[in-house]
Structures are given as C-alpha cells and as structure tokens.
Amino acid sequence: MADAAAAHAAKRQSLIESLKHGAGPVALAKETSNLFRDRAVGARRRLDVRSFNQVLAIRDGFVEAEGMIAYEDLTRECLAHGVMPAVVPQLKTITLGGAVAGVGIESTSHRHGLVHDTMLELDVLLGDGRIVRCTRDNEHADLFFGFPNSYGTLGYALRVKAKTIPVQPYVQLTHVPFSHFGELERYLEAGEADFIDGTVFSPQRMFITLGRFVERAPYTSDYTFEHIYYRSIGEKREDYLSVHDYVWRWDTDWFWCSKNVFAQNPLIRRLYGRGRLGSKTYTKIMRWNSRVGVTKKLERALGVHSESVIQDVDIPIACTGEFLDFYAREIGLWPMWICPIGGAHGNFALYPLQRGWYVNFGFWDVKRTRAAHAPGHFNRLIEAKVAELGGIKSLYSDCYFSEGEFYRRYGGEAYDALKKKYDPAGAFPRLYDKCVLKA
Ligand SMILES: Cc1cc2nc3c(=O)[nH]c(=O)nc-3n(C[C@H](O)[C@H](O)[C@H](O)COP(=O)(O)OP(=O)(O)OC[C@H]3O[C@@H](n4cnc5c(N)ncnc54)[C@H](O)[C@@H]3O)c2cc1C
C-alpha cells in the first residue's frame, strides 16, 4: 500500500494542475451517480477524478481510501482484512466521498450513526487548487463538521479515513413483525443486535430485521438471482447470509425498485442474468428513461399524472407513529424502508440532528393520480410534515424549500462562513442553487 500512497500523491499533483489550468465553475467527471434529481447540463469544467479509487491503508480500526472509491471495492478489500466500514450504504456504486458529501446510512447506524459520524479525517480539494486536511480538532475542523451534506459545493473529498468494525463470516437475521415503534425502541435500548433495519409493507404489516454476526451458519440463502430478498422478510422468521451477501442484500433489487424495470418477473430476470441484476444497471435504465421520456409519454397517453417521490427522511423516534399515519394517508407508496440512527450525532453544521434516536424512512417510487396537482405537490407535503415533526430530509433528490426555509434547516449561517473561507471565488455552486434550483 506504500505504492498506493505514492500514486495518490502523484494523482493529487496532476489534479491540482488540471484545476489550475482552466477557468469557470467546476463539476466532477464520474462514471456512476446515485443522485436523483435531473440537472441542467451547464457549462462547467469537468474534473476527472475517476482514478481516485484506491484503498490506501487498512489497520487499527480504520480504513483510509481515495474519495471516489465505490463501496463495492472498498468493502471487498476491508472484508479481505476481516473488517468492514462501520456504515456501508446499500448501493454498490455509492462512493466514499459521495457518502460523506451527502448522507449515508445503513443498518449499523443505530450504533455508529451516519457515514459521516464514522469519519476520522478528510482531505478536501478546494476550488483554488489547495488541498486541506480536516480533522475534528485541527484548524480545518469547521470544514470537517461542515462537509457532510455539502454535496460538492465546498470542495471534493480526495481522501477519507473512516472507522471500521471487525466482522464474522455470517449474519443471522431475524424478521420480527411489529405494530408500534415502541417495540423498535426496545430493541434499540437492548443494544444486542449488530444490525437493525425494517420494512413496512403497509401499516398493518411491518417487520424489524435484527442481524447478528455469527461464526457459523446452518445454511445460507442467496438473493442475488432467483430469490428476492425483500419478499423473504415476510416469509421467513430466521435466515442466514454470508457477511458479503448481507451487506449487499438490498442492491440486487434496488430494495424493491427493480420492479420498475420488470426485473422481478422470473422470465425477464433470467434474461437480465445474475451479473446485470443490481443498482448499477437499473440506474442506467432510469436515466435513459428520464432522457427519452418513455414513461412520461405512456402516462400522457393514459391520462395519468405522476410525481416522483424519492426521499429519505429522518424523524425523531417519538414522532415516527405520527409520520407513518401521515404517510399512509397522503402518500401510501409501499414498501418503505426504516432504519434507526443512534450514535452521538456529531455537531455537523449542514445536517443538524438533536440528541436521541431518529428513524430514517426511505421511499422511492412514483405517485400516480388521475387528478392533476401542482408540481411537487406530494414532495412538498412531505417536506412540511418532516419540518413540523422536527425531522430532516436528505438532499439527493427533488427539494422544494424556499431559500429562507432551506437556510434555517440546513445550517445557512455556518454555510455562508464556510463558503466565504473555503470557496470565496465561487468555483462550486451554492448548496441551495444545486439542490433546490438544480443549477
Ligand atoms: C434511490 C436512492 C436511494 C438511496 N439510498 C440510500 C441508502 O439507502 N443509503 C445511503 O446511505 N444512501 C442512499 N442514497 C443516497 C446516497 O448515499 C447519496 O446520494 C450519495 O451522495 C451518493 O454518492 P455517490 O458517490 O453516488 O455520488 P454522486 O451521486 O456521484 O454525487 C452526489 C453528490 O455528491 C457530490 N460528490 C460526489 N463525490 C464527492 C466527493 N468525493 N467530494 C465531494 N462531493 C462529492 C457530487 O457533486 C453530487 O452533488 C440513495 C440515493 C438514491 C438516489
């Protein structure tokens, strides 16, 4: 890995040169993305960061890696060393840098918090070509705590050092039906499970999935081809997966969203083949569809109005019942993923969380109605309810906040100070312009 460190230094130098030689606003050149808002294609210089995809070190409870490494590669290397990143987002192509610049979550979040809570050190490329090393207590601690949820508007993460946890070869899963979030709280307080998430098929059919590392498994299931993980939740009480298959259990069917590309039809699933089932393929198809507009044309012909409702929202646990009632009444797209967030909730300026448990609700579907609604009608209802309940939503998809509201909810004052200090020339767009106005 000494070679990787030397190569990393050389890559940084050539990136700095390429940044210095151009002029005007900057954007990332990357092969994959998990951003779900259609963006205006503006005249921005594309900074080629694709080679920043290597692991630099794995030891003593941490992994150090380049910012554009995909979690699939990062996790593979960590597992080979008997550890995994403390929080691994569910989609294989999410990058380490993308997860700390956005908001990453998984079933270990009840112990370890969000991906950025596991961050120990961060090297950020600024718009003027400087690279600053940020830790929680050095002179760039403001950027360390201001980087999460900045979505590439303050600089790019080129190197990240993050916590790892030791693994055992298998995960034992228990799918427990539940009817009230108080039951989830009891499992959280007990603190026995290594992994906790849940699936809501309807308010009458909800499951908590508890996962525990085990050395041996009586059998292991395979959800990477003919069988579909989310369906197994309601069908089995107990299950075993290899740790690798557990980590990627949601990727094969993009949770349940593979239905939109007909991949849950047994015949079509075989035509896809095992190798093509996964978020990488589906994202490409969805982007093509969004460009060509096949679904839109079909909906117009059928006289149906539609709105994408793709959101992850974090709600204080005391208000989860009220959120679920609201969601069932106004939105009603099922299934829905739930994932508790614990840990200390560091003081991250652009994604402020209060003390105590939160529950993430993830829902990714299209609301279709016969009646027409104003643009963003359902997403605005969600934004308003989340705000009323003291929650916060991720910014990777459509947002409708007014500038004032956005400023209040996402650390506007701190953001202004960071922008002034780290991007005074405006090499990167502002957060509101990028996430709400889609600049
Ligand atoms: C349908 C869907 C479901 C999702 N589900 C989950 C989930 O279950 N769990 C979870 O953890 N997350 C989830 N996400 C969110 C995802 O983690 C974030 O959107 C994350 O930012 C994507 O990272 P990426 O590497 O794919 O980055 P991209 O999609 O390529 O970029 C996202 C943004 O981050 C910026 N960015 C990317 N890399 C860097 C970098 N190195 N430095 C600074 N800025 C950078 C880009 O400029 C861009 O604005 C989901 C997203 C979608 C669309």
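Counting starts at 1 for both ligands and their atoms, following the listed order. No experiment lies behind these values; they were computed from the predicted model shown. The residues of the chain are indexed from 1 along the displayed sequence.
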Side chains of Arg159 and Glu121 in contact at under 4.5 Å (non-hydrogen atoms): yes

Ligand 1-proximal atoms of Ala101, by part, heavy-atom distance under 4.0 Å: side chain

Heteroatom proximity flag, Thr95 to ligand 1, N/O under 3.5 Å: yes

Ligand 1 N/O within reach of Leu91 N/O, cut-off under 3.5 Å: no

With Trp364 via ring pair (Phe, Tyr, Trp, His ring centres under 6.0 Å) - residues at least two apart: Phe255, Trp256

Ligand 1 N/O within reach of Tyr151 N/O, cut-off under 3.5 Å: yes

Rounded distance (nearest 0.5 Å) linking atom CE of Met84 with atom OG1 of Thr164: 10.0 Å

Nearest candidate to atom 49 (O) of ligand 1, where distance is taken over non-hydrogen atoms, out of Met68, Lys434, Glu66: Lys434

Contact check: Gln90 vs ligand 1, nitrogen or oxygen atoms, below 3.5 angstrom: yes

Closest to atom 20 (C) of ligand 1 among Cys339, Pro89, Gly98, Ser279 (heavy-atom distance): Gly98

Tyr396, Phe428, Trp337, Tyr156: member with heavy atom nearest to atom 2 (C) of ligand 1: Tyr396

Minimum non-hydrogen distance to atom 16 (C) of ligand 1, winning option of Ile94, Leu28, Leu395: Ile94

Pairs satisfying salt bridge (Lys or Arg N to Asp or Glu O under 4.0 Å), at least one member in residues 348-365, at least two apart: Lys259-Asp365

Straight-line distance of Ile69 CD1 to Thr75 OG1, nearest 0.5 Å: 8.5 Å

Separation of Ile331 CD1 from Phe326 CZ (nearest 0.5 Å): 5.0 Å

Heavy-atom gap Trp250 to ligand 1 smaller than 4.0 Å: no

Proximity of Phe52 and His8 rings by center, below 6.0 Å: yes

